[in-house]
Structure formats: structure tokens, C-alpha cells
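A short worksheet on the structure shown next.
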Amino acid sequence: MNRVRFAPSPTGFLHIGGARTYIFNWLFARSTGGRTVLRIDDTDAERSSEESLRSILEGLAWLELPWDERHYQSGRKRMHREAAAALLAKGAAYRDFTPQDAAPQESSAGTRAAWLCNPGMRELSKEESDRRAASGERFVVRFRVPRERGNGVFFKDSIFKKQFRKFADIEDFALARANGDPTYHLASTVDDCDLGITHVIRGQDHLSNTYKHVLIFEALGRELPRFGHLPLLLGPDGSKLSKRKHGPIVSVTTYRDKGFLPSAFVNYLSLLGWSPKDNREVLSVDELVSLFKTDGVLRANAVVQFDESSAQNWADPKALWLNAQHLRSMPVEQLLPRVETEIKRCGWWTPEYEAGRRDRLTAVVDALRSRFTLTTDFALRGKAYFMDAFDLEAKAAANLDKQGAREGLRELGKRLEAVDDFSEQSVEAALRSLAAERGVKPGLLINGARAALTGQSVGPSAFKVFTLIGRERVLERLAGV
RNA sequence: GGCGCUAUCGUCUAAGGGUUAGGACAGGGCCCUCUCAAGGCUCAGAUCGGGGUUCGAAUCCCCGUAGCGCUACCA
């Protein structure tokens, strides 16, 4: 059975690039009947924080793509230390006693050659190395890249295909720090082995680290997982997406808080570097699972478009569009609880919604969603449908101020009091006949009614609005015009 | 500096030796219409540059250029 892992380090919030990596892993696992392992790579105690961890877990949970197992790397340190010791004993690694702040070797002719190792350390005899270690001298453990034999490292990447690197281009990287803690390279490979990871799917920034990992796997005598490296996400300026440079737009929780639907967000991210190749764009999670293939993943980086100075395009316009698509096409009963959360947050939730009025709420959501983009729009633009107090917009006020509008609406209210069935049809009939009697355009009353009923000049069909607001409130609002 | 990776409309992408280089978002226009959306139709918009190979190249090869990544006792 396939086992994939997503291994964030809790040194910042969940980044959308990280979310995409998680999504691709999850999609791959689901589509092949495999399992998803969440591994918190918290080996760097200094940079890890509780807050980051919470943000990552929250962001991941919001995606609604559940993981199957969770592990913390910090709890596995003993295993990492043992692996480092084993590699040392085998001679696959050596102690480097060079002080941490030692100046790097300078070039002679102004051209800096690639650093491979610190002078003298690789050649230290076992006896001397042991003696200096026993005497308490500090050291890091470095991998002894086998440059004297063979020519290099080879591996096959499921996305970037055949990869080869000469030993002469791989430096003796550290496996353990002076304090004994494992480095990322060691901890990651040891855990991938121990957790039985079959497929390592991660960002392309790890492509050149993979040679090192292959070396460790081999030195440990373990079988290699399959590797797949994803192209990176870039900001509109073409540089790698980062918190420092691009701000909160790279945080997953921003999208959650601004009213994105998880399914739409997943849909958007899955289309960055991958496509189903049949021109389909709006895809549910289930459809993504059945369509996803790693060998269809692109190798070129993708730009995430956004404009932080624009209220309209604060996120990628395509992401916004996808959200609107999901908003209108998802089953309304799945949308309801999300809207409920929004209006509760505004304090607009009243017991009448719990009691028999849920049908009206459903009707309201259904009528409004085709003109909304985000779930937060229900709170931002739907107040009159939920509350008796609401604002009158300038354009709506202008519609009411038109000659004959107010009197017409008051009269309409009186007539509606008398109709037997309060429906779109009966309201329309009453309004049109009144308009005809008075010799005014129906539009005067129609647009006036929308203004009186919702405070807005835009919205669903005015006749629909009457039934959405409900007879009782319609009569009040018309009378008070 | 060294070592890699990448390059199709503004953006996301399809075509992987033969297509008028397709679709989506964003933009323009039209239709629909009680408003706003939605929806339908439509216009504009791309193969980084230069050399090869080939009857034929966006596609294969080479050289440039640009971007990105790695080059830590970060991950």
C-alpha cells in the first residue's frame, strides 16, 4: 500500500505552497488507495513554535482532506541519533571538529569554488577522532560523500524524470549538529524509512537535496522511496512565494477567514502545475481524486496572481471565480452551515432560524448565492434578509425618491395585506395592476420595492425578494417607506 | 561564483513532429433582463532569442538569455 507524507516544519503559518504539496500528496494517496502521514518536522527547537503548529494544523484541517496518521519528529530523536552513530561506526560519516564560526576557505583568484568539506577532518583517523570526541571537543557529524569511488548519484523522479549529480558536486553535508540533534537530511530520511513512506512528494526546492537523501538511504541499507518533485509557486513578481515578501496572502487561514470554500481552494491549488487535460476546470474533490495522476504534473513554476492593494483582486481572480462556481453548484444543505457560521459571527442568528424558519433561510441562501463570491458576502451584503435593521444604500434611496414611488409602495402594501396567497405570482400581479392603474412603469415599483425591502438597488428578482423577506416584514417595510 | 531545473496569450494551462496553436480566468462587445449577478454568443491576446535536424519544429538537439532552486551545525 502506498504511504505518502507531508512534513511541515512549525516555523510559520501554513503556506499555500505547503497546502498544495499536501493536496497533491493526499490526492495521490486517495487515488491509489494509500495513506497520508502528517509528520511535524520540528527538529529545530529554536525556530519551532506552538503557535505555528496550531496554525498549520488549523489550516490543514480546514482543507477537509483528513490525514491518516500524525507523528512528531522531535519525539523520534533517539532513532536519529542511533542512525548517526551507526553511520559513524560504518565509516559512512565522520566527525568534523571545525568550529562553527570558522571562516570559509577563500578563493585564490576571486572565483569561489564549491565547498565540499572542511580541510583535514575527512581524513582524521578513527583513533584521533574518538580521542578528541572523548575529550569533550565539539563536533558535527558529516556524511562522507564517496567521491573516491563511482561517479555520482542517480535517481528517477516521477515528475522531473532521470536525475544525476556528480559526487564532486555534492558537499559533505551535516547529519547531526554539535548538540547532537539530527539535521533535516538525517531526520527526514530516517523517518521516511521507519514510517514506511513509499512516495516522497514535495516541492522542487528539495530536488537537489534528494541526492543527499539517496546517499543516506543507501548508506543505511534501505530501499529508496519513489520521489516526485512539484514545481514551485511564485508571487506576481516572479519570486518564490514567501511570508516576508508577500504577506498574509500566502497563509491558508487568510483564505478561510475571507470566506473561501475548502473545495474551491483545493480545486484552485490543484490546477497549479497540473490539469486534467480535458479543459475541465471546476472540479469537486471526488473528481480530483479520480482524475489525478502524478505523471501529468508540470515542471515549470506557476504564478499565484493577486494584488494586495485591490479589494476586488486580493486573491487570484481565478481562485475567486472557482469559489463562486463552487458556491452556486454545491448542494445547498452543505452551504447552509457555512452561512450559519457567518451570520452567527455577526450576531444575526435568531432562534427563529432554528425553529420552523429553516426553509426560508434555505431559500434566501439559494437566491443570493448566484450573485456572491465568498461565504462572507452573506454577512457583508445580506443583512436585510436576516435582520430588521439594515442600511439604505444611496442608489436604493434614489429609487425610492423617484416621483410616485413611495405612495405606490404604501398602496401596494395595503393591497398585499388583502391577497390570499402571498406568492411571487400574486405579488407580481398586484404590483403590475397597480402600476397600470397609476400609469407608471412597473420598474418604478419593482426597483422601489427592492430598495424598501433590502436597502439595496441590486439583488435577486424583486418578486422573489417579497417571498424571501416574508409577508409580515414586507408589510412593515412597505408601510414605513 | 559553482551545480541544477524551467521557458506557449497578462495569469493558469492544452497540443509532445503535420491543428486557422485549443480551453479557462481577467479585459472589450452583444444577447437576455425589473436591478445586480448568473447564463449564452463574440472580439482581442502566446510558442523567449538565435542556430541546427527534418519535406515539415511550439514539440527533438545545441548555444544564448531570463527566471527559479540548491550551494547552513534551516527545513
Side-chain angles (χ1 to χ4, degrees), chain A residues 7-11 41-44 46-48 73 96 98-101 104 107 110-116 138-142 160 163-166 168-171 173-185 187-188 202-212 229 231-232 234 236 238-240 268 271-282 298-306 313 316-322 324-325 328 368-373 381 395-396 399 428 431 441-451 456-463 465:
Chain A
S9 58
T11 55
D41 277 9
D42 52 356
T43 49
D44 186 353
E46 258 123 71
R47 299 204 313 150
S48 297
Q73 205 163 48
D96 181 346
T98 311
Q100 187 171 356
D101 50 8
S107 63
T111 50
R112 199 155 43 99
W115 177 90
L116 288 177
R138 290 171 69 81
F139 61 87
V140 300
V141 178
R142 286 190 186 282
F160 283 86
Q163 297 292 310
F164 175 80
R165 188 164 203 151
K166 294 197 289 270
D169 293 324
I170 307 173
E171 77 283 3
F173 54 93
L175 296 172
R177 298 187 252 263
N179 66 6
D181 282 351
T183 62
Y184 159 74
H185 300 302
S188 177
R202 71 224 309 191
Q204 197 218 117
D205 44 350
H206 287 294
L207 192 59
S208 32
N209 285 331
T210 305
Y211 300 101
K212 299 170 187 171
H229 288 86
L232 265 21
L234 270 26
S239 70
K240 186 182 166 182
Y268 167 67
L271 258 19
L272 257 22
W274 176 83
S275 90
K277 314 223 182 288
D278 61 359
N279 285 345
R280 284 207 284 166
E281 312 261 359
V282 184
L298 250 54
R299 285 176 286 262
N301 296 339
V303 171
V304 173
Q305 207 60 253
F306 59 84
N313 293 334
D316 194 320
K318 189 141 188 181
L320 260 4
W321 174 78
L322 277 169
Q325 292 297 316
R328 1 195 154 308
L368 291 178
R369 64 172 168 167
S370 74
R371 54 212 90 215
F372 286 175
T373 302
R381 297 159 57 190
K395 276 188 183 171
N399 285 338
E428 178 162 6
L431 185 146
K441 285 188 193 163
L444 177 77
L445 263 23
I446 289 173
N447 293 322
R450 185 182 295 104
Q456 296 170 333
S457 60
V458 301
S461 154
F463 304 119
V465 171

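Just so we're on the same page: letters track the sequence lines, and every chain starts at 1. In this text the structure is predicted, and so the values were computed from the model without any measurement.
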TODO: Return yes if the base of B:rA26 and the side-chain atoms of A:Asn313 contain a donor-acceptor N/O pair under 3.5 Å, otherwise no.
DONE: no
Task: Span that lies between the P atom of B:rA46 and that of B:rA21, in whole angstrom - done: 12 Å
Task: Side-chain N or O of A:Thr43 closer than 4.0 Å to phosphate OP1/OP2 of B:rA75 - done: yes
TODO: Using the test salt bridge (Lys or Arg N to Asp or Glu O under 4.0 Å), find all partners of A:Arg280 that sit at least two apart in sequence or belong to another chain.
DONE: A:Asp278, A:Glu287
- [ ] Considering only atom P, compute the distance from B:rA14 to B:rG64 and round it to an integer number of Å.
- [x] 28 Å
Open item on the list: For A:Arg369, give me all partners under side-chain hydrogen bond (donor to acceptor under 3.5 Å, both in side chains), at least two apart in sequence or on another chain.
Closed with: A:Asp366
Task: salt bridge (Lys or Arg N to Asp or Glu O under 4.0 Å) against A:Arg450, all qualifying residues, sequence neighbours excluded - done: none
Open item on the list: Need one value for A:Ala174: base, sugar-phosphate or nothing, where a base atom within 4.0 Å counts as base even if backbone is also close, heavy atoms only.
Closed with: sugar-phosphate
TODO: Just jot down the salt bridge (Lys or Arg N to Asp or Glu O under 4.0 Å) partners of A:Lys240, sequence neighbours excluded, or say none.
DONE: A:Asp205
Task: Interatomic distance at C1', B:rC25 relative to B:rU65, whole Å - done: 30 Å
Open item on the list: When the C1' atoms of B:rC70 and B:rC61 are compared, how many Å lie between them, rounded to an integer?
Closed with: 27 Å
Every protein N/O within reach of nucleotides 57-65 of chain B N/O, cut-off under 3.5 Å:
none

Task: Rounded distance in Å between the P positions of B:rC12 and B:rG18 - done: 25 Å
- [ ] Indicate for each nucleotide in nucleotides 4-11 of chain B, in 5' to 3' sequence, whether protein heavy atoms under 4.0 Å reach the base (B), only the sugar-phosphate (S), or nothing (-).
- [x] -SSS---S
Open item on the list: Counting only side-chain nitrogens and oxygens, does A:Lys240 get under 4.0 Å of the OP1 or OP2 atom of B:rC68?
Closed with: no
TODO: Could you tell me whether A:His229 contacts a base, only the sugar-phosphate backbone, or nothing, with contacts defined as non-hydrogen atoms closer than 4.0 Å?
DONE: nothing
- [ ] Would you please name every residue forming a side-chain contact (heavy atoms from CB on, under 4.5 Å) with A:Arg47, sequence neighbours left out?
- [x] A:Thr11, A:Asp44
Open item on the list: Taking 4.0 Å as the cut-off, does a side-chain nitrogen or oxygen of A:Thr11 come that near to OP1 or OP2 on B:rA75?
Closed with: no
Open item on the list: For a quick check, with a 4.0 angstrom heavy-atom cut-off, what is the B/S/- contact string for nucleotides 28-50 of chain B, read 5' to 3'?
Closed with: ------BBBBSS-----------
Task: By ring pair (Phe, Tyr, Trp, His ring centres under 6.0 Å) - contacts of A:His185 (at least two apart) - done: A:Phe173, A:His213
TODO: Please list, chain by chain and in numerical order, all residues satisfying ring pair (Phe, Tyr, Trp, His ring centres under 6.0 Å) with A:Phe160, sequence neighbours excluded.
DONE: none
TODO: Quote, to the nearest angstrom, the C1' distance that separates B:rA58 from B:rU53.
DONE: 16 Å
TODO: List in chain and number order the residues that pass salt bridge (Lys or Arg N to Asp or Glu O under 4.0 Å) with A:Asp42, two or more places apart in sequence or in another chain; answer none if no residue qualifies.
DONE: none
Open item on the list: Partner lookup for B:rG64, please. Criteria are Watson-Crick or G-U wobble with both distances under 3.5 angstrom; report none if nothing qualifies.
Closed with: B:rC48
Open item on the list: Between A:Ser457 (side chain only) and A:Lys395 (backbone N and O only), is there a donor and an acceptor less than 3.5 Å apart?
Closed with: no
- [ ] Kindly say if A:Arg142 contacts the phosphate of B:rC73, meaning a side-chain N or O under 4.0 Å from OP1 or OP2.
- [x] yes
Task: Partner residues of A:Phe463 under the ring pair (Phe, Tyr, Trp, His ring centres under 6.0 Å) criterion, sequence neighbours left out - done: none
Open item on the list: Need to verify one output field. Residue with the more 5' nearest nucleotide on RNA chain B, A:Phe139 or A:Leu272?
Closed with: A:Leu272
